[in-house]
Amino acid sequence: MIDAVIERCAGIDVGKRFLVVCVMTGPLDAEPKTEIRKFGTIVAELELLRDWLMAEGCSHAVMESTGSYWKPVFNILEETIQVVLANAYDVQNRRGHKTDPNDSRWLAHLLRHGMIRPSFVPERSIRELRDLTRRRRQLAREAAGERNRVQKILEDANVKLGDVLTDVFGLSGRLMINALLEGTLPAEEVAQLAQRKARQKIPELLAALRRNRLTDHHRFLLRHALRHIDFLEVEIEALSAEIRSRLQATQFQHTLLQSIPGIKEEASAVILAEVGPDMAQFPSGAHLASWAGLCPGNHESAGVRKSGRTNRGNDWLRSVLTQCAWAASNKKNSTLQSFYSRLSVRCGRKRAIVALGHRLLRIIHAVLLNSQPYQEPCRSVRT
């Protein structure tokens with residue numbers, strides 16, 4: 001029998017419109033007393049819930065961290081009671097026994113006996129920074145999608161700038177696209193708008209622009225897409241300015257992270273927003289990597305290892321670390337590049353990048369924990 005560890009606690013089954021709450025109270029060595037109530041999700045109802053939990057002397061409350069419905073409850077309770085967020089996969093109830101009252105009772109039972117691993121919830125300032133960095137990333141993805149749509153419109157109009165220019169949205173590309181939208185210059189003069197190194201490609205540009213099929217319909221779509229891109233770029237810059245101002249409180253850690261190969265200003269901000277500047281909540285770098293979903297999963301039975309696929313974790317952190325890993329793999333004369341080169345031969349490039357992201361995350365944990373910038377390890381010289 002598993003001993004109880006919390007005398008007074010509550011289990012909250014969260015829904016969009018209402019909550020079902022089970023309070024368990026009683027000595028640790030006796031059967032607890034349970035009481036179940038139902039509350040709405042508006043602020044007035046949540047305050048009634050808070051007052052009831054305080055009147056019952058509850059020290060802890062638990063709820064599943066699914067969707068965003070837990071956030072209003074957390075906002076009301078976090079200042080007066082210790083709220084534990086549980087992974088829904090870890091606390092799922094038995095099939096055929098799932099009702100809202102049963103779920104709340106089961107959550108309270110697990111919490112009372114210390115059988116729940118709490119999810120990491122950073123302090124409010126870091127949560128707000130996380131909202132900003134995630135929003136910036138969403139807008140950046142939308143801008144990338146809009147650029148791809150512009151490329152498709154140009155292809156549909158037989159304008160092959162993408163075959164010649166490395167970046168169609170660079171200075172030369174935008175000047176040429178704007179000239180095409182005007183529709184008054186011949187292909188020879190449009191090609192002459194190339195700047196700097198792109199002028200070496202004027203013959204290829206001329207061939208890519210001649211005899212195109214650009215119509216008024218294409219021009220309308222291009223103007224619409226380009227206006228959207230310009231708008232998104234302004235909004236992204238506004239978010240970046242707000243993020244920089246919020247990072248002033250953690251500027252030291254922000255600078256430390258940028259000493260690691262492959263991590264620059266934007267990636268450092270995302271990492272701080274996702275894991276926070278304090279590594280006390282992660283016992284080791286391995287625990288942090290497991291939480292992020294950047295380590296092999298364990299699936300073994302009867303001595304047979306069935307799968308080593310990475311486990312699910314923080315997709316936002318995993319995504320940015322994968323990008324950082326690609327950048328670190330190109331850092332010449334570094335141990336990270338050597339690690340990637342050795343592993344890619346044996347496991348393939350994609351698996352090697354995941355492994356490199358894992359190593360980067362362990363380095364991040366050490367750098368933030370020790371408050372020391374990254375130092376390239378000494379490499380032994382073979383004779």
Side-chain angles (χ1 to χ4, degrees), residues 130-246 262 264-270 273 315-316 318-320 322-324 326-327 330 349-350 353:
R130 178 184 291 179
D131 290 339
L132 293 171
T133 56
R134 290 183 177 183
R135 177 65 175 166
R136 180 174 65 180
R137 197 162 184 82
Q138 289 169 340
L139 292 186
R141 289 174 181 171
E142 182 61 31
E146 202 66 77
R147 291 189 181 95
N148 289 336
R149 296 183 192 104
V150 170
Q151 292 274 31
K152 291 180 180 179
I153 297 170
L154 293 175
E155 289 289 330
D156 186 57
N158 292 83
V159 178
K160 305 293 288 185
L161 286 177
D163 294 351
V164 182
L165 296 177
T166 305
D167 182 11
V168 174
F169 297 92
L171 177 60
S172 299
R174 285 302 294 262
L175 288 173
M176 293 181 196
I177 292 174
N178 290 338
L180 291 171
L181 291 177
E182 293 295 329
T184 57
L185 297 179
E188 291 77 8
E189 294 186 27
V190 174
Q192 290 296 327
L193 294 174
Q195 305 291 313
R196 302 187 182 97
K197 291 184 178 181
R199 296 195 62 82
Q200 301 173 7
K201 302 178 181 179
I202 287 180
E204 294 91 338
L205 289 170
L206 188 56
L209 292 167
R210 275 178 175 165
R211 304 175 67 179
N212 65 71
R213 298 293 186 270
L214 194 67
T215 64
D216 289 341
H217 171 69
H218 293 128
R219 290 187 177 93
F220 175 83
L221 291 176
L222 284 172
R223 290 191 183 98
H224 189 274
L226 291 173
R227 284 198 302 269
H228 193 199
I229 290 173
D230 293 339
F231 168 77
L232 289 173
E233 289 177 348
V234 171
E235 294 302 310
I236 289 171
E237 181 54 37
L239 283 170
S240 297
E242 180 65 18
I243 289 169
R244 285 192 291 269
S245 67
R246 298 292 185 98
K264 300 302 180 184
E265 180 179 355
E266 185 173 328
S268 174
V270 173
D315 291 336
W316 299 92
R318 178 176 176 141
S319 175
V320 74
T322 301
Q323 293 180 359
C324 293
W326 281 114
N330 294 319
R349 298 176 64 188
K350 291 184 178 180
I353 281 296

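Note: hydrogens, waters and symmetry copies are ignored here, and every other heavy atom, side chains too, is used. Numbering of residues begins at 1 and proceeds along the displayed sequence. Predicted, not measured: the structure shown is a model, and the values here were computed from it.
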Measuring from [X]:[atom1] to [Y]:[atom2], what's the distance to the nearest 0.5 Å?
X      : Y      : atom1 : atom2 : value
Glu266 : Cys324 : CD    : SG    : 9.5 Å
Asp230 : Leu226 : CG    : CG    : 6.5 Å
Leu154 : Met176 : CG    : CE    : 12.0 Å
Arg136 : Glu237 : CZ    : CD    : 9.5 Å
Leu171 : Gln195 : CG    : CD    : 5.0 Å
Lys197 : Gln200 : NZ    : CD    : 7.5 Å

Is the backbone N or O of [Y] less than 3.5 Å from a side-chain atom of [X], with the two atoms forming a donor-acceptor pair by type?
X      : Y      : result
Arg174 : Phe169 : no
Ser245 : Glu242 : yes
Glu189 : Ala187 : no
Arg223 : Leu181 : yes

Any salt bridge linking [X] with [Y]? Criterion: basic side-chain nitrogen under 4.0 Å from a carboxylate oxygen.
X      : Y      : answer
Asp167 : Arg147 : no
Arg318 : Asp315 : no
Glu182 : Arg219 : no

Given Leu161, Leu214, Leu185, the one that forms side-chain contact (heavy atoms from CB on, under 4.5 Å) with Leu209:
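Considering Leu161, Leu214, Leu185, a side-chain contact (heavy atoms from CB on, under 4.5 Å) with Leu209 is found only for Leu161.
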Within a strict 4.5 Å, meaning less than it, do heavy atoms of the [X] and [Y] side chains meet?
X      : Y      : value
Val159 : Ile177 : no
Leu205 : Val190 : no
Ser319 : Arg137 : yes

Which pair of heavy atoms, one from [X] and one from [Y], lies closest together, and at what distance?
X      : Y      : value
Lys160 : Asp163 : CE-OD2, 2.8 Å
Ile243 : Ala269 : CG2-CB, 4.0 Å
Gly162 : Val168 : CA-CG2, 3.6 Å
Leu165 : Ala198 : CD2-CB, 4.1 Å
Val164 : Ala208 : CG2-CB, 4.0 Å

Under the criterion side-chain contact (heavy atoms from CB on, under 4.5 Å), I'd like the reasoning laid out for Asp156 against His218: C-alpha separation, chi angles, the key distance, then a yes or no.
CA-CA 8 Å; Asp156 186 57; His218 293 128; 2.7 Å; yes
Quick check on Arg135: does its CZ atom have over 12 non-hydrogen neighbours (other residues, nucleotides or ligands) under 6.0 Å away?
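Atom CZ in Arg135 is not packed in, count stays at 12 or less.
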CZ/Arg141: more than 12 non-hydrogen atoms of other groups inside 6.0 Å:
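Check passes, neighbour count above 12.
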Pairing residues for His228 by the side-chain contact (heavy atoms from CB on, under 4.5 Å) criterion, not counting sequence neighbours
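Here the qualifying residues are Glu142, Glu146, Phe231, Leu232.
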